[in-house]
Amino acid sequence: MEGIKAPRGTRDILGEEVLLWQHLEDVVRKIALLFGYEEVRTPIFEHTELFTRGVGEETDIVQKEMYTFTDKGGRSLTLRPEGTAPVVRAYLEHGFPVHEPRVKWYYIGPMFRYERPQAGRMRQFHQFGFEALGFGEPACDAEVIQLAWTIYQELGLSDLSLEVNSIGCPLCKPQYVAKLREYLMPRRERLCVNCLRRLESNPLRVLDCKVERCQEVFSEEGFPRIHDSLCTLCREHEETLFTLLEDLRIPFVVNHRLVRGLDYYTRTVFEVKVRHLGAQDAIGGGGRYDGLAQAIGGPDIPGVGFAAGMERIVLLLGREAKPTLPFRVYLAPQDAPAERVLLSLSRELAAQGIPFHLDFATKSLKYHLKHAQRMHVRFVVIVGEREREAGVFALKDLTSGEQVSLSLTELVARLRKERELC
RNA sequence: GUGAGCGUAGCUCAACCCGGUUAGAGCACUGGACUGUGGAUCCAGGAGUUGGGGGUUCAAGUCCCCUCGCUCACCCCA
């Protein structure tokens, strides 16, 4: 067929699924407000350089997943693959380091990565995220994790696991990388080709290799743990965070192999996983990125944040109870004059804050009632010749089947009451 | 980028192995039985270039090849 379809890796969100998305967004905004995070909206595309420098040349995102294009002015632009670098760019661009160095922001919106789609992975996907810029304290790491945890709880998600690790800072990370390389080089025959490549380009990433033979190497006695290479400050940071998480009664496990894909992370990294979601089981992750602001040309500003995948969360929400449909009144005119009456009524309902669906007289009453039922609407207002002559509105309750004649004021009062009860 | 599975009506599927007339059914939709009253029942109707192209054959939805798309997995992540 010549019909144009949504491009690969994109999709339409419609029908009842929209209610799930709205619910998720409502919860995110509510919890953000509670924790004092303000919304920031950055462009969907940025200069490519922001991501190559901010996310890291060696990352999968930059090497193979970016939607990069040249605009008519010859600029290289990229559809944002993640939210943190743009937020930090906005922070720097608007001079926050000088006039308000400590901000807590959140965002919700689409991200783009060129990958083969599969369950829970799309080329256009959506994330919400929180970023605390200018905060170097471990308590802020704890707050961000608590924020994430609170949202998942508010959404009623269960079976979640939180993994935490520290990958050090520019002082101690290189020392560990050196140790790691030193340990692995004599054993390189036992590593997969992928790990051999990463050992050169991005050594930390070998840790989360899933090849069993590689993991055997990493599990052996004497394999250097990143934890043992942390400098004093990083170690203190980590210990404080763990204590605070325990205070907050947020269950977590330390995963010494958790490194995460983006180059900008320092110290704390964490990931939230869920069972029963197929291969793509991470529904959120984040960490500290004290080097990011400098990497994209700003001053030395610490930061910590997290991002969550909304498609994956909606998949989980969809398995729970169906969303409750909003209250709505169906307006069913029987003839042209009745359309005028109901059109006027609709203006009154709108003024009173009562949602409605107005259909038109080209359809039979039978159609209207059937249609109203299919829309899960409980109340139908019918106006035909009889009602017009009597100057009333017929209100039918589809649940009980009963029907009453009401004046305009009675009708509005009744509907307001029903809406309250809903 | 690699691998596997799958593409038939708006949706779910049948017919495919083993080629054979006009590709069927349920749901949904529209109308009617019921000329102003839904859910049930019955009847009727619209709807398909069987993803696209090529090949084999007297004959292709069915077999073969190519291509596009979808799905899942690898990779990696959200």
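Given the structure is predicted, the values throughout are model-derived calculations rather than measurements. Numbers restart at 1 for each chain; the letters A, B, ... are given by sequence-line order, proteins then strands.
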Q) Considering only heavy atoms and no angle criterion, is a donor-acceptor pair shorter than 3.5 Å present between the side chain of Arg116(A) and the base of rG3(B)? A) yes

Q.
For a quick check of understanding: with a heavy-atom distance under 4.0 Å over all strands, which category does Met122(A) fall into, base, sugar-phosphate or nothing?
A. base

Q. Who is the Watson-Crick or G-U wobble partner of rG5(B), with both distances under 3.5 Å?
A. rC70(B)

(Q) Starting the side chain at C-beta, find the nucleotide from rU30(B), rC76(B), rG36(B) nearest to Lys363(A). (A) rU30(B)

Q | Donor-acceptor pair (no angle test) under 3.5 Å: Lys366(A) side chain, rU37(B) base | A | no

Q: Provide, to the nearest angstrom, the distance between the CZ atom belonging to Phe379(A) and the C1' atom belonging to rG38(B).
A: 15 Å

Q | Complementary nucleotide of rU30(B), counting Watson-Crick and G-U pairs under 3.5 Å | A | rA44(B)

Q. rC76(B) pairs with which nucleotide, Watson-Crick or G-U wobble, both distances below 3.5 Å?
A. none

Q) Atom CG of Leu331(A) to atom P of rG36(B): distance rounded to whole Å? A) 20 Å

Q. Picking from rC77(B), rC75(B), rG69(B), which would you name as closest to the side chain of Ala282(A)?
A. rC77(B)

Q) Can you check whether Ser161(A) reaches Val253(A) side chain to side chain, under 4.5 Å on heavy atoms? A) no

Q) Could you state the NZ-C1' distance from Lys5(A) to rC70(B), rounded to the nearest angstrom? A) 8 Å

Q. CG of Leu369(A) versus P of rU37(B): gap in Å, rounded?
A. 9 Å

Q: Return yes if the base of rC75(B) and the side-chain atoms of Gln118(A) contain a donor-acceptor N/O pair under 3.5 Å, otherwise no.
A: yes

Q. Across the strands shown, which category fits Glu115(A) at heavy-atom distances under 4.0 angstrom: base, sugar-phosphate, nothing?
A. base

Q.
Base of rC77(B), side chain of Arg113(A) - is there a donor-acceptor contact under 3.5 Å?
A. no

Q | rA25(B) pairs with, by Watson-Crick or G-U criteria that keep both distances under 3.5 Å | A | rU12(B)

(Q) What is the separation between atom CD on Gln334(A) and atom C1' on rG38(B), rounded to the nearest whole Å? (A) 13 Å

Q. Can you check whether Phe96(A) and Trp105(A) have ring centres sitting under 6.0 Å from each other?
A. yes

**Q.** Nearest-nucleotide comparison on RNA chain B, the residue closer to the 5′ end among His371(A) and Glu65(A)
**A.** His371(A)

Q: Please check if the distance between the ring centroids of Phe223(A) and Tyr183(A) is under 6.0 Å.
A: yes

Q. So does Glu387(A) reach the base of rG36(B) with its side chain, donor to acceptor, closer than 3.5 Å?
A. yes

Q. How long is the line joining CD1 of Ile151(A) and P of rA78(B), in whole Å?
A. 16 Å

Q | Complement of rU62(B), any strand, by Watson-Crick or G-U distances under 3.5 angstrom | A | none

Q) His357(A) has an atom NE2; how far is it from atom P of rG38(B), in whole Å? A) 18 Å

Q: Would you mind reporting whether Pro110(A) and His126(A) have side-chain heavy atoms less than 4.5 Å apart?
A: yes

Q) Of Arg121(A) and Phe125(A), whose nearest nucleotide on RNA chain B comes first from the 5' end? A) Arg121(A)

(Q) Under 3.5 Å, is there a donor on one side chain and an acceptor on the other for Glu143(A) and Tyr37(A)? (A) yes

Q.
Between His237(A) and Ser166(A), is there a side-chain heavy-atom distance shorter than 4.5 Å?
A. no

Q) Which part of the nucleic acid, if any, lies within contact of Leu398(A), taking any heavy atom under 4.0 Å across all strands shown: a base, the sugar-phosphate backbone alone, or nothing? A) base

Q) rA78(B) C1' sits how many Å from Glu131(A) CD, rounded? A) 13 Å

